[in-house]
2 protein chains.
Amino acid sequence: MQIGSRFTIGVHIITAIDYFKDMDRVNSEFLAGSIGVNPVIVRTVISSLREAGIVQSRRGSSGAELARPLDGITLYDVYKAVHSVDEAEGLFHFHEQPNPDCPVGRNIHKALNPRLANAQEALEDELRCTTLAEIVEETRQAIQNELH
Amino acid sequence: MQIGSRFTIGVHIITAIDYFKDMDRVNSEFLAGSIGVNPVIVRTVISSLREAGIVQSRRGSSGAELARPLDGITLYDVYKAVHSVDEAEGLFHFHEQPNPDCPVGRNIHKALNPRLANAQEALEDELRCTTLAEIVEETRQAIQNELH
DNA sequence: ATAGTTGTAATATATCATATTACAACTAAG
DNA sequence: CTTAGTTGTAATATGATATATTACAACTAT
C-alpha cells in the first residue's frame with residue numbers, strides 16, 4: 001500500500017516549471033516527457049495544483065507558471081493539493097464493520113483513532129518542513145555536480 | 001489512497017485475544033465476527049503476526065495467544081508485521097520513469113527522496129510511541145464507561 | 001482563420017486489497 | 001484411534017482505485 005505517485009509528479013512539475021521557465025515552452029507534453037507519464041495525467045495534476053493556488057494555467061494558453069514564490073509552497077501543500085489521501089477518510093483505512101454487538105468491536109476505535117490521527121499528523125508536519133524552494137535548489141545543485 | 005485495513009485488523013485481533021482470553025474460545029471465526037471480515041483474512045493477519053513473534057497459533061489447535069506481553073508490542077510492530085507497506089518501496093510511490101535525458105528528471109529524486117524518507121520515519125516513530133497495552137487498557141475503560 | 005494547447009469527460013487497463021472457496025494438515029477430545 | 005473441528009494456505013473471484021488512453025470542445029495567440 002503506497003501513497004500514489006501524483007504527489008511526486010506534482011513536485012516534479014513545479015520543479016520543472018521553475019527550472020525550464022526561461023529555456024523551453026513548458027507545456028503538458030514537455031512535462032510528460034520529463035516525468036515519464038501521460039500528458040493527461042500532467043494536466044490533471046496541474047488542475048489540482050491550480051485549484052490550490054500553486055500554479056497558473058488556462059485553456060489554449062501554452063505552459064504553466066507558478067502562482068506564488070517557491071518558498072511559499074511546502075511539500076504538504078502539494079500533497080494536499082493532489083489529494084493523494086482523502087481528507088475525510090484519513091491516511092489509515094480502519095476496517096469498516098466492527099461488530100457493534102461486541103464490546104471490543106464497538107469500542108476499539110475510541111482507543112485507536114487518536115493514535116492514527118497523531119501518526120498522520122506527524123507525517124504531515126514533516127512534509128510542512130520542506131519548501132519547494134529547497135527542492136528546486138538541491139535539484140539545481142545536483143545538476144551542477146553532474147558536470148564534475 | 002490509504003494504508004490497508006489489515007493494520008487496524010491486526011490491532012483488533014490482539015486486543016480481542018487479550019480481552020476474551022478467559023471468556024471465550026478466540027478462534028478465527030469468533031474474531032472474524034467481532035471484526036466484521038472474512039475468517040480467512042483473520043487467519044492471514046494472524047499468520048503475519050505469528051511470523052513477527054507477536055502471537056502464537058498452530059494448525060488444528062483452536063485459538064491464538066499472545067507471544068509476548070502487551071507492553072512489549074507497539075503499533076509500529078503490528079504495522080510492520082502485516083506489511084501494509086512494502087519495506088523496499090517505501091510509503092510514497094515515486095513515479096517510476098523520470099526521463100534520464102532530462103536534468104530535472106534524473107536529479108529530482110536526490111532532493112526529494114530524503115524528505116519522503118523523513119516523513120515516513122516521522123509516521124513510524126509516532127506509531128512506536130503507543131503500546132498495545134495502552135490500546136487494550138483504553139478499550140477496557142471505554143467498555144466500562146458504557147455502563148453509565 | 002489557423003495551428004496548437006488546455007480542461008475534462010469517458011473509457012480502458014493494471015494493480016492490489018479483500019472476499020470466498022476449498023482442502024490438506026493437524027489437534028484435541030472422547 | 002476415530003472423529004469433529006480448526007488452522008494454514010493456495011487458488012480464484014470480486015471490487016476499488018490509480019494510471020493510461022482516446023477524444024474533443026473551449027480557448028489562445030499568431
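So you know, we letter chains A, B, ... as the sequences are listed, proteins then strands, and number each from 1.
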Would you check if the side chain of [X] reaches a backbone N or O of [Y] as a donor-acceptor pair within less than 3.5 Å?
{"X": "Asn99(B)", "Y": "Gly105(B)", "value": "no"}
{"X": "Arg43(A)", "Y": "Ser28(A)", "value": "no"}
{"X": "Glu134(B)", "Y": "Thr131(B)", "value": "yes"}

Between atom [atom1] in [X] and atom [atom2] in [N], what is the gap in whole Å?
{"X": "Arg6(A)", "N": "dA20(D)", "atom1": "CZ", "atom2": "C1'", "answer": "13 Å"}
{"X": "His12(A)", "N": "dT19(D)", "atom1": "NE2", "atom2": "P", "answer": "15 Å"}
{"X": "Ile9(A)", "N": "dT19(D)", "atom1": "CD1", "atom2": "C1'", "answer": "8 Å"}
{"X": "Gln2(B)", "N": "dT18(C)", "atom1": "CD", "atom2": "P", "answer": "10 Å"}
{"X": "Glu89(B)", "N": "dA17(C)", "atom1": "CD", "atom2": "P", "answer": "12 Å"}
{"X": "His95(B)", "N": "dA14(C)", "atom1": "NE2", "atom2": "C1'", "answer": "19 Å"}
{"X": "Ile41(A)", "N": "dA14(C)", "atom1": "CD1", "atom2": "P", "answer": "15 Å"}
{"X": "His93(A)", "N": "dT17(D)", "atom1": "NE2", "atom2": "C1'", "answer": "12 Å"}

Considering the options Ile14(B), Val55(B), Ile13(B), Val78(B), which one meets the side-chain contact (heavy atoms from CB on, under 4.5 Å) requirement together with Val45(B)?
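It is Ile13(B), the one option of Ile14(B), Val55(B), Ile13(B), Val78(B) that forms the side-chain contact (heavy atoms from CB on, under 4.5 Å) with Val45(B).
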Looking only at the side chains, is there a donor atom on one of Thr8(A) and His95(B) sitting less than 3.5 Å from an acceptor on the other?
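Side chains of Thr8(A) and His95(B): pair found under 3.5 Å.
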Scan nucleotides 1-10 of chain D nucleotide by nucleotide, 5' to 3', and note B when protein non-hydrogen atoms come under 4.0 Å of the base, S if they reach only the sugar-phosphate, - if neither.
----BBBBBB
Would you say the side chain of Glu126(B) lies within less than 4.5 Å of the side chain of Glu121(A), judging by non-hydrogen atoms?
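Heavy-atom side-chain distance check fails, nothing below 4.5 Å.
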Is the phosphate of dT21(D) approached by Asn38(A) (side-chain N or O, under 4.0 Å from OP1 or OP2)?
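So the side chain of Asn38(A) is within the cut-off, an N or O lying under 4.0 Å from OP1 or OP2 of dT21(D).
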